[in-house]
Amino acid sequence: MIAQQLLNGLITGSVYALFALGFTLVFGTHKILNLAHGSVFMSGAFAAYFAVLNGLPLWFAMVLAMLCGGLVCYVIELAAFRPLRSRGQIEFAALIASIGANLMISSLAQRISNTKVLRFPFGTFPVQFYTVMGVRISLLQIVIVCVVAILLAGLLFYMYRTSFGRQVRAVSGNERAARLLGVSPNVVFFQTFFISGALAGMAGVLIGLSFNSIHFLMGEPYLLRAFVVVVLGGLGSITGAVVAGLLLGVIQTLTVAYLPTGLSDAIIFSLLFIILLVRPSGLFGSAITATAARRQ
Amino acid sequence: MLAIRDLRAAYDGIEALRGVSLEVQAGAMVALVGANGAGKSTLLNCLSGIVPAAAGSVVFEGEDITRVSAHKIARRGLLHVPEGRQILVDLSVEENLRLGALAARQRARRETMDTVLALFPILKDKLRQQAGALSGGQQQMLAIGRALMGEPRMLLLDEPSLGLAPLVTDQVFAALRTLNAGGLTILLVEQNARRAFLSTSWAYLLDQGTIAKDGPSAALAQDAEVIARYLGHLAAGEG
Ligand SMILES: Nc1ncnc2c1ncn2[C@@H]1O[C@H](COP(=O)(O)OP(=O)(O)OP(=O)(O)O)[C@@H](O)[C@H]1O
Ligand SMILES: [Mg+2]
């Protein structure tokens, strides 16, 4: 039984990680906490829903969701963050701007959906279960794990094996020095925000499929969890986000399964509190905090 | 090569440059000397597009670059090795160098990397190391090498000797003279006026945001006022 819960937890956690990766990418690179990340996630789910409704195959709907998430996220950057950037010191202003963007996108989605919960048509994803060594796993869960693994591998390849990724890491480490070397900040901004949004968009579809429920506020609880994941993993750390995401999924599933209802969040946040007491920069957070300290 | 006319820049209304005019001929190695806070770094930052100019003009190879953004200036071949080196500490030495190649108009060429490693052989053994693990002198060499990867037409150097041991400083300056002898135009900001005069043909003195004096480096080194203001205390302080 515990193996089953562990598996479920890991799969939930992998989606948390996927969602948090984009959040941490933007924060790590640009020091912007994008509180509209939840609505980007939601817009991905919406895009996939309407694609499926219009008879498009699910895989194509997923691609559309990523494109839509990426675009929405980049539009947020263009409309909310870029105008602030020309005035320097934007961290706090960006936080407020992202809350505004979140409200606008959510209200738009509320109008589109008439405040109703949207559900994928029956049969969008085949309900199929396999039993491996006494553990039940659904086809959807297998797909989720594969999708997350592929996207994570893609992200790591991009960040550590391509010139673009090198530029992103350069801007993350020292934007001014990067510009002096010929790195165009706007090109980097486009890439980080687009990727961040695309990952969130895919996470939105996966969650939408898992619960077969899509609504305009579906991103909010995930934003809160992304916070936990990113702080726990270490701000800006990819490895940290993945490990912390999986950890969070497992803890949550186990507490829900074995403890009285309602305790789950209390336990998650107490744990976060304790871990931060011991490791203030999170599990993998040395790099970013060290850079931040060096800047002081 | 580079002509600056009446350049002005300010931080929050406080003027740091009050009309600087200066010229660097192609192939020259020119020094810019001045006390702490004179505005030397501000001037270089203005040239490379990091700090916006409030007035005046910067013309590089016949084209006005006063309002061009920093990355485009770098891609035009005017490369700035900033104060404090500013290497990317979390990236490997090789990654730092490869980033530098971004400014080169052609795609990264294998020869450029070889030339840079021949100039700074110590970097060769450390290509896979994190740049943050290098010593100060090695970081300075990496910062210069990284700029060279961009195949610069002209190099702006901000206090390359900052915090380096004399022996390492000698190595860095020897490399700079080699580069200049190879035809690279260099504008060198230096606190150590004596050393700056020794390695350059022409020098400008910056004082409170304006050029107070300029002339052949050898002549400035003999100038009574310059000796009193810039060489005297150095002679007493740093030997
Ligand atoms: N980012 C900044 N914000 C506000 N004022 C600044 C900033 N940078 C420099 N200044 C001010 O502008 C003036 C010129 O500074 P700058 O750094 O250009 O001098 P410098 O000649 O390079 O000095 P140093 O020899 O110490 O490097 C100084 O008065 C400094 O206090
Ligand atoms: Mg300076």
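Lettering of chains follows the sequences in order, A, B, ..., and the numbering in each one begins at 1.
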Anything under 3.5 Å between a donor and an acceptor, one on a side chain of residues 16-38 of chain B, the other on a protein residue two or more places apart or in another chain? List them.
{"unit_1": "B/R18", "atom_1": "NE", "unit_2": "B/Q208", "atom_2": "O", "d": "3.0"}
{"unit_1": "B/S21", "atom_1": "OG", "unit_2": "B/D6", "atom_2": "N", "d": "2.9"}
{"unit_1": "B/E23", "atom_1": "OE1", "unit_2": "B/R5", "atom_2": "NH2", "d": "3.0"}

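A 6.0 Å sphere centred on CZ of B/R67 holds more than 12 heavy atoms belonging to other residues, nucleotides or ligands. In the displayed structure, A/F164 atom CZ is contacted under 6.0 Å by at most 12 heavy atoms of other residues, nucleotides or ligands. The number of heavy atoms from other shown groups lying within 6.0 Å of OH (B/Y11) is above 12. By the neighbour-count criterion of 12 heavy atoms within 6.0 Å, atom CE of A/M104 is sparsely surrounded, having that number or fewer from other residues, nucleotides or ligands.
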Go through A/R176 and B/Q86 one step at a time and tell me if the side-chain contact (heavy atoms from CB on, under 4.5 Å) criterion holds. CA-CA 9 Å; A/R176 180 183 277 218; B/Q86 314 284 330; 5.6 Å; no

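The minimum heavy-atom distance linking B/A74 with A/L181 is given by the pair CB-C, 4.0 Å. Contact detail for B/L79 and A/L180: the closest heavy-atom pair is CD2-O, 3.4 Å.
Of all the listed residues (A/S184, A/A177, A/A178), the one sharing the greatest number of non-hydrogen pairs under 4.5 Å with chain B is A/S184.
Listed for the B/R75 side chain is a donor-acceptor partner under 3.5 Å among the backbone atoms of A/G182.
In terms of the ring pair (Phe, Tyr, Trp, His ring centres under 6.0 Å) criterion, residue partners of A/Y16 (sequence neighbours excluded) are, by chain and number, A/Y222.
Taken to the nearest 0.5 Å, the CG atom of B/D90 stands 10.5 Å off from the CG atom of A/N174. We find the NE2-CD distance between B/H71 and A/Q167 to be 10.0 Å, quoted to the nearest 0.5 Å. Note: B/S69 OG to A/R179 CZ = 8.0 Å, rounded to the nearest 0.5 Å. The CD1 atom of B/I50 lies 8.5 Å from the CD atom of A/E175; values are rounded to the nearest 0.5 Å.
Of the listed residues (A/R166, A/R161, A/R169), just one forms a salt bridge (Lys or Arg N to Asp or Glu O under 4.0 Å) with B/E95, and that residue is A/R169.
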